[in-house]
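This one's a predicted model, so the numbers in the text were calculated from it and none came from an experiment. Labels below follow one simple rule: chain letters A, B, ... track the order of the sequence lines, proteins then strands, and each chain is numbered from 1.
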Protein chains: 2
Amino acid sequence: MSIENPYYSHEFHGDYELISIGALELEEGGTIPDCRLAVATFGRLNEARDNAILITSWYSGTHQIWRDAYIGPEHALDPAKYFIVAIDQIGSGLSTSPHNADGANASIAMSKFPHVRIGDDVRAQERLLREHFGIERLQLVVGGSMGAQQTWEWAVRFPDKVLRAAPIAGTAQNTPHDYLIAEYCREGIMSDPGWNGGEYASNEDVFEGLKRQAHVWALVGFSSEFWKQEVWRALDFDSKEAFIEGFLEPYFTTMDPNDLLCQAWKWQRGDVARNTDGDLAAALGRITAKVFALPIDEDVLFPPRDVQPQQELVPDSECRVIQDVLGHLGLFAVADTYLPQVDRHLGELLATEV
Amino acid sequence: MSIENPYYSHEFHGDYELISIGALELEEGGTIPDCRLAVATFGRLNEARDNAILITSWYSGTHQIWRDAYIGPEHALDPAKYFIVAIDQIGSGLSTSPHNADGANASIAMSKFPHVRIGDDVRAQERLLREHFGIERLQLVVGGSMGAQQTWEWAVRFPDKVLRAAPIAGTAQNTPHDYLIAEYCREGIMSDPGWNGGEYASNEDVFEGLKRQAHVWALVGFSSEFWKQEVWRALDFDSKEAFIEGFLEPYFTTMDPNDLLCQAWKWQRGDVARNTDGDLAAALGRITAKVFALPIDEDVLFPPRDVQPQQELVPDSECRVIQDVLGHLGLFAVADTYLPQVDRHLGELLATEV
């Protein structure tokens with residue numbers, strides 16, 4: 001049985017549409033009987049249907065941060081020029097997810113939700129864009145973190161449909177360290193007796209577990225320099241403890257535990273080489289999109305030295321390192337200096353003839 | 001009431017002597033009525049009593065690793081030349097600690113154990129060396145991690161007694177990121193209902209908590225390259241999971257939860273500037289020892305960029321970076337290339353006229 005969670009609502013996420021793509025067969029087996037994706041669009045699709053940009057979502061995130069920070073007339077992601085489609089991933093809490101699986105999906109609610117892979121999301125998104133919007137080609141696919149995993153997957157899986165790709169702070173093949181980070185996010189949640197094997201009545205039953213999950217992000221989501229330089233002061237907190245209690249913990253404790261677990265499992269296994277029998281070079285070698293890989297210099301999760309060797313396997317690609325002392329969670333676009341870098345790179349990428 | 005833990009025994013730690021220094025007043029208030037320190041010595045004290053080297057211990061560690069890996073005729077720490085005294089820190093499980101506080105210490109057993117600071121350890125060690133061995137001057141103080149914290153503290157607090165100091169993989173003033181790492185080690189333990197506010201019957205009651213504590217070390221104790229390059233294969237494991245289950249978890253789950261908490265609290269607050277009203281430059285500026293700071297390049301806990309700015313405040317000092325892909329837990333001297341570097345630096349330091 002699905003449960004209520006007020007966080008996953010228009011009140012907190014503004015305008016979005018739930019679009020069903022019907023049944024989605026999953027790579028790991030099983031089916032989502034009625035796969036509904038939360039979609040927010042910005043700008044207008046032109047008659048040729050060739051001005052679309054796809055934005056994918058990261059762990060715990062939705063289209064909201066993209067709308068609020070990345071999209072606008074002053075940004076490279078300009079709705080006056082492009083039809084921008086942000087699709088929230090399966091398990092995000094807005095799209096079909098463990099906590100909201102009701103109606104036709106009632107059989108996969110909560111602990112019964114099947115394992116979902118990055119490739120499932122990308123296939124679902126492709127179907128939605130094609131069947132709902134008639135979009136066959138994307139000017140750009142862009143996403144951060146798990147959204148970067150989806151971006152890489154798009155470029156490998158649908159080379160004819162992706163003209164440009166900008167994975168920000170994410171790899172095409174997940175690293176073992178990232179796997180462990182996600183594993184201990186999972187452990188934080190699942191070690192709470194209130195999680196109860198995934199059958200709780202409210203996310204509040206798993207408050208302590210969600211808090212422990214938040215603390216993994218305190219350890220690795222930011223750089224050590226973020227803490228040393230007390231960058232959290234810029235966010236109007238008086239101490240690192242106040243920042244953790246006032247930002248990180250509330251951010252995560254409002255969310256659904258099973259939804260986060262669904263995403264974490266998917267994150268752990270992001271790997272485009274699944275398309276080529278484990279051959280990463282072959283997978284990345286078949287990308288025809290122009291790719292700008294945009295790792296963040298202080299990122300502990302997806303550091304440039306993990307991203308760059310993968311980028312170098314892509315024929316038409318560049319690695320452009322974003323400077324941000326926040327590290328991975330620089331993705332929240334907190335630093336004044338962050339978005340100008342992203343805009344410059346995305347602007348140059350979009351200006352490239354392909 | 002103290003409890004039994006077979007790990008803290010001669011069977012697992014070889015020869016050591018328990019030496020009482022009597023009552024120890026603590027900086028945070030309170031007293032250890034009968035402070036006993038576990039001491040292992042190597043070599044002979046000469047008649048002038050001026051050939052002594054002090055080794056301090058790290059979080060979760062004892063003299064054992066120093067005896068097995070760092071000390072010997074083929075090493076800079078050569079018992080044929082030096083009288084080497086390894087003293088285990090308060091809370092180490094061998095010296096007076098929460099789990100073994102009995103007899104005169106019964107009033108501070110388990111949850112009643114007082115907070116101990118790095119400065120308390122250093123004062124206790126100084127008293128022991130002076131009163132028990134008649135040692136007034138040390139050729140070298142050396143320790144890793146929390147042992148480095150003690151080494152820095154020795155050099156600041158007893159400048160006349162420390163001729164040379166070699167803090168390995170540790171800072172003189174703890175960083176906020178380190179504070180958080182230790183905090184989530186503590187949370188791992190304390191979130192286990194079996195911990196029971198520090199009043200458990202056996203460390204086995206806190207098995208899950210100790211495991212979660214071990215997982216913090218999986219996240220930050222090694223570098224991401226350690227995991228990517230699968231360096232654990234050199235330790236005869238077949239997978240990272242087998243390494244975690246076969247090495248990290250058993251290493252920590254045999255230990256005493258309260259003892260680890262005592263050490264973690266102390267680690268969080270290591271700060272030589274306490275000697276100079278918070279003025280770090282003043283504290284480090286009064287060091288007269290020749291100091292080689294030896295951070296490890298891939299260390300997440302105490303990276304060179306945290307160590308070097310502190311080292312530069314010491315008049316007669318050098319920063320010599322040790323290369324080790326293992327990161328912080330390179331301290332276990334697993335890599336063939338690790339000890340030759342340590343030996344070279346310690347050898348050159350010991351050869352320096354002071």
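For chain A, no part of B:V300 is nearby; none of its heavy atoms comes within less than 4.5 Å. Of the atoms belonging to A:K240, it is side-chain heavy atoms, and not backbone ones, that fall under 4.5 Å from chain B. Looking at A:D306, both its backbone and its side chain come within 4.5 Å of chain B, counting heavy atoms on both sides. Only the side chain of A:I244 comes within less than 4.5 Å of a heavy atom of chain B; its backbone N, CA, C and O stay farther away. Using a 4.5 Å cut-off between heavy atoms, A:E241 touches chain B through its side chain atoms alone.
Interface summary for chain A: among B:H215, B:K228, B:H177, B:E187, the most heavy-atom pairs under 4.5 angstrom belong to B:H215. For the options B:S223, B:P193, B:P303, B:S191, heavy-atom pairs under 4.5 Å to chain A are most numerous at B:S191. Ranked by heavy-atom pairs shorter than 4.5 Å toward chain B, the options A:R212, A:E208, A:E230 are led by A:R212. Comparing B:Y184, B:W227, B:F226, B:F222 by how many heavy-atom pairs each has under 4.5 Å with chain A, the most go to B:Y184.
Around CD of A:E28, the count of heavy atoms belonging to other residues, nucleotides or ligands within 6.0 Å exceeds 12. Enclosure of atom CG in A:D238 is not indicated, since only 12 or fewer non-hydrogen atoms of other residues, nucleotides or ligands lie within 6.0 angstrom.
In plain terms, the two heavy atoms of A:V220 and B:V220 that are nearest each other are CG1-CG1, 4.4 Å.
Taking a cutoff of 4.0 Å between a charged side-chain nitrogen and a carboxylate oxygen, B:R305 and A:E225 qualify as a salt bridge.
Applying the side chain to side chain donor-acceptor pair (under 3.5 Å) test to pairs two or more places apart or on separate chains, those with a residue in residues 268-277 of chain A are A:E27-A:R274, A:E153-A:N275, A:Q173-A:D271, A:Y179-A:R269, A:E183-A:Q268.
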